[in-house]
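So the structure is just underneath, and the comments pick up after that.
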Amino acid sequence: MFKRLSEASGRVLSFTFDGQPLEGREGDSLAAALLAGGVGVFRTTVPSDASRGPYCLMGVCFDCLVEVDGVANRQACMIPLREGMCVTPQRRARQLGE
Amino acid sequence: MRRDYDVAVVGAGLVGAAIAYGLAKDGRRVCLLDEGDIALRASRANFALVWVQTKGHGYPPYAILTHRSASLWSSFAQEVEAETGVDLGFQQPGGFTFALSEEELEGRRRILDEVQAQPGVPDLGSRIVLRNELISLIPEAGPEVVGASYCAKDGHCNSPRLLLALHRGFGMRGGDLLTNRTVETITAGRDGFSILGEGEEIQAGKIVLAAGLGNIRLAPMVGLDAPLQPLKGQLIVTEKVRPFLHYPLVNLRQTDEGGVMIGSSMEDMGFDTSSVVPVVANMAKRAIRLFPLLAEANIVRSWAGLRIMTPDGFPLYEQSQEAPGAFLCNCHSGVTLAAAHAGDLAQAIGRGNLDGFGAFSGERLRVQAAQ
């Protein structure tokens, strides 16, 4: 669905989403890297388990929530991609006290 | 004089919407005037509690009214839900106020006893719960929590959906919700009121002022006085987390959607309104002492609202003597009292006399001021 601009540059960074290896570029937000990697569903909603992906891409809508390196409910659009990130979808609500 | 409506209700927040919803039930022609987004909108900043345990401390009529409304809430919610299809998320498992020291717990015990001992106050089902029992009910309570006061009548709801449902139900009952209608002048005539705002004129047989702090400006137009003060309250909400807390606390509750709301209650804590961040930080610190697992929860938002306080903190319901048919309605517990507002109070206004609500007229304040 998304294609990188041909002039896009930056060092290639490897990370995983739900166990699948993906690659992004240095300077990508995590949300952009996931979208470029073909990921559409980032999380499921709390009340009904419905699928959600990034909407505003500017930190407002909270629809791009993912779990990053074991920390739940992170906004993928607000986090720069880093080498080796372990990302999983945010499935429904976070469990406190785990 | 032409008459557009039997009753005009000014203020479409929880208080006005509940009264208008109740008034529209019996086939009256009712309009509900909403100021628009410039309004202070206390109904958008409330804590969504149906709360009884220490309400009316020092004024038994308020304890009695609160108890009555909380008792009516379940059937009120069923009626609203059946009519509108909106789930109000109402739960009434009883509510707690945690104590973090023996002194606090003793204070809670004394207030519960004093409220219950007031003449005419029905059995509120309130008691002190000591730590061991509390931990069996709420295992997540922190190690500093020594006990709590509990009242079986306490509960909570989803208040944004309550407001939505009241607006929707009012419309379904034939009422007209008129938005962006700041009321500029009200003129009492021979057989009703002329209400002017935003270039439109409305004629109504009766008028109900339920505009919160806006009543300060409106009340004198119909010979009434609304001696109100804003009292700022701040709220925090966390990210949505899986349900862990199945009882509301006076200053902390998990919503039906998973977020944890942290607030502050005037009657229990009091706070300095002059400085925003320290207040929010103190609320968060205390919340972590109540529930240590909240230390890892992210705060998503914090915001403030203005409570609508009468000089003694109790509701004000009064009909104008100078312009009969004009009613003043102010309180700071629009959620708790919604059932009574949609029921008893709407019926009283519909009849044209506030018999049964005499204890809430402004007379008590004028007497106090004269003393």
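Bear in mind the structure is a predicted one, so any value in this text is a computation, not a measurement. Order of the sequence lines fixes the chain letters, A, B, ..., with proteins taken first and strands second; residue numbering starts at 1 for each chain.
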Inset, instruction - Determine, step by step, whether A:Arg94 and B:Glu296 satisfy the side chain to side chain contact (heavy atoms under 4.5 Å, CB included) criterion, reporting the C-alpha distance in whole Å, the side-chain angles of both residues, the deciding distance to 0.1 Å, and the verdict. - result: CA-CA 11 Å; A:Arg94 172 181 181 185; B:Glu296 59 182 278; 3.3 Å; yes

Legend entry - Sorted by number, residues from residues 241-249 of chain B in contact with chain A (heavy atoms, under 4.5 Å): B:Val241, B:Arg242, B:Phe244

Inset, instruction - Calculate, to the nearest 0.5 Å, the distance between atoms CG and CD belonging to A:Leu96 and B:Glu239 respectively. - result: 6.5 Å

Inset, instruction - Check whether more than 12 heavy atoms from other residues, nucleotides or ligands sit under 6.0 Å from atom CG of A:Asp49, and answer yes or no. - result: yes

Inset, instruction - Spell out the residues in residues 23-43 of chain A that have some non-hydrogen atom less than 4.5 Å away from a non-hydrogen atom of chain B, in order of number; otherwise answer 'none'. - result: none

Legend entry - Interatomic spacing from CZ in A:Phe62 to NZ in B:Lys240 - rounded to 0.5 Å: 9.5 Å

